[in-house]
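Have a look at the structure below, then the notes.
Note that the coordinates shown come from a computational prediction; the quantities given were computed from them, not determined experimentally. Residue numbers start from 1 in every chain, and the chains themselves are labelled A, B, ... in the order their sequence lines are given, proteins ahead of strands. Hydrogens, waters and symmetry mates play no part in the numbers below; they use all other heavy atoms, side chains included.
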2 protein chains.
Amino acid sequence: MPRPFAEPLRRRALIDAAIAAIGERGSLDVTMSEIAGRAGVSSALAHHYFGAKEELLLATMRHLLTELGTDVRAALSEAETPRARISAVVAVNFSVTQFRPEIVAAWLAFYVEAQKSARLRRLLRVYARRLHSNLLSGFVALLPRPQAEKGAEAIAALIDGLYIRRALKDGLPNSASAVALVEQVVEATLAHSKPSA
Amino acid sequence: MPRPFAEPLRRRALIDAAIAAIGERGSLDVTMSEIAGRAGVSSALAHHYFGAKEELLLATMRHLLTELGTDVRAALSEAETPRARISAVVAVNFSVTQFRPEIVAAWLAFYVEAQKSARLRRLLRVYARRLHSNLLSGFVALLPRPQAEKGAEAIAALIDGLYIRRALKDGLPNSASAVALVEQVVEATLAHSKPSA
DNA sequence: GTTTATTGACTGATCAGTCAATTAAAATCA
DNA sequence: TGATTTTAATTGACTGATCAGTCAATAAAC
């Protein structure tokens, strides 16, 4: 066919299709044809725009990371106190836009794939560091350094753990109860470690 | 060749080889030939004993689950107090036999695969329930019911989250620091929620 | 002589990635 | 403006590789 649509539109459609396909299958071994089909184009076109499959997957991961980053930045800008910063980060991670089954499944799948792909691993590290540093920016004003570090680590790990459980769909973690659980641990951690000097 | 080795030996060798292969690749898409090769047999033999690949994977998962279960039971039997029960569960999950890179990678890979395979999902649920109930058996004597439930959920999710982070190899969680982190959260949770009546 | 272990050699399916051909929009020119 | 050339979008039809799973053949143990 002719030249009806342009590159950015197609790229975006393919990334959206990739998220949907990965979310439905629950893993990264979806075929290029499946993704392309969902986006309403041929697999040849997907290769035309992204080259190898890994590039498309990488672009998809970057997209997810960018959206999460945008949401977090917006939420943090509204937070007035250190304590509110912590809650903002938690809230965003379990917000309706982020804590959806497809998104969660995609994250989990990317974690596994990162074992194989150094580039993917690097992206995931960016995410981990950002999460840690955002949490730390709240904790550090409320606790002495070493406790603040530990607190941020614990909350970050807890968030990841709840994501896994969501992927398993074993019931428990809907958004609200996940947030409540994390907040409870935040409270306990803050109360237990002595407030900073 | 003749009849030099018998079924149970081969099955076990194949399961061990599967764990090693999955651990090295970091995902479940290892080929039957790769696994069989590692076990020193032909892929045809692997099919002879396990039928489909999924059966071998399932058997591998069951093996991991069984070993973990055995370790946990042993540790719990030595725990004298409720508080010690909690620590015992935590300690086993991060023990040298469980918290090895191959094992961690295998768990993560199985989580992803569970999205596709209902039978695998069922096994993982067994694990999740067992972990929760073991933790709860400690918490329930120290906190009122609802808080005990929440505490057990939080610690279980935290453990899973630390496993993910280990898989990412981003540094932090070696056994010792992982245990310390979890114990800190346990302490904070126990101190913060009022002791039971 | 029956049973069991074991394999090499297949087969069929699936997929990532390529490529030459087609079509139409855009740019250039008359 | 209308003609023509260039450029980009798009695909169907391939190819080559990889793999799960099968099977008939062999040989040792019982």
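- The aromatic rings of A/Tyr163 and A/Phe94 lie tilted to each other, with the angle between the two planes from 30° to 60°.
- Between C/dA5 and B/Tyr49, a contact under 4.0 Å exists linking OP1 or OP2 to a side-chain N or O.
- For A/Thr31, the listed nucleotide lying nearest its side chain is C/dC15; candidates were D/dA20, C/dT7, C/dC15.
- Counting to the nearest Å, the P atom of C/dG17 and the CD atom of A/Glu34 are 16 Å from each other.
- Candidate nucleotides D/dT10, D/dT22, C/dA16 were compared by shortest atom distance to the side chain of B/His47, and D/dT22 ranks first.
- Heavy atoms of B/Ser42 sit under 4.0 angstrom from at least one base atom.
- If you measure from atom CD of B/Glu54 to atom C1' of D/dG21, you get 14 Å, rounded to the nearest angstrom.
- When rounded to the nearest whole Å, the span between CZ of A/Arg11 and C1' of D/dA8 equals 15 Å.
- Two end axes, each from the C1' atoms of five base pairs, can be drawn for the helix from C/dG1-D/dC30 to C/dC29-D/dG2; they diverge by 0°, to 10 degrees.
- For A/Lys53 and C/dT14, the NZ to C1' distance is 11 Å, given to the nearest whole Å.
- Phosphate proximity of D/dT10 to A/Arg10: present, with a side-chain N or O under 4.0 Å from OP1 or OP2.
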Using distance only, find each side-chain donor-acceptor pair of residues 11-26 of chain A under 3.5 Å and give its atom names and separation, not counting sequence neighbours.
unit_1  : atom_1 : unit_2  : atom_2 : d
A/Arg11 : NH1    : A/Glu7  : OE2    : 3.3
A/Arg11 : NH1    : A/Tyr49 : O      : 3.1
A/Arg12 : NE     : A/Asp16 : OD1    : 3.1
A/Arg12 : NE     : A/Asp16 : OD2    : 3.3
A/Glu24 : OE1    : A/Arg38 : NH2    : 3.0
A/Glu24 : OE2    : A/Arg38 : NH2    : 3.2

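- As a whole-Å value, the separation of A/Phe50 CZ from D/dT10 P is 13 Å.
- Of the candidates D/dA9, C/dT6, D/dG12, D/dA9 carries the atom nearest the A/His48 side chain, counting heavy atoms from C-beta on.
- In this model, a donor atom of one side chain and an acceptor atom of the other lie less than 3.5 Å apart for A/Glu54 and A/Ser117.
- Atom CG of A/Leu14 and atom C1' of D/dT10 are 12 Å apart (whole Å).
- When the P atom of C/dT6 is taken as reference, atom CG of B/Leu45 falls 5 Å away, rounded to whole Å.
- Between the CZ atom of A/Arg25 and the P atom of C/dC15 there is a distance of 8 Å, given to the nearest Å.
- Residues B/Phe110 and B/Thr60 are in side-chain contact: their nearest non-hydrogen atoms beyond the backbone lie under 4.5 Å apart.
- Here A/Arg119 does not pair with A/Glu113 in a salt bridge; the nearest charged N to carboxylate O distance is not below 4.0 Å.
- Contact check on A/Glu183 versus A/Arg83 returns a salt bridge, with a Lys/Arg side-chain nitrogen under 4.0 Å from an Asp/Glu carboxylate oxygen.
- Under the 3.5 Å distance criterion, the side-chain polar atoms of B/Ser33 are left unmatched by any main-chain donor or acceptor of B/Ser43.
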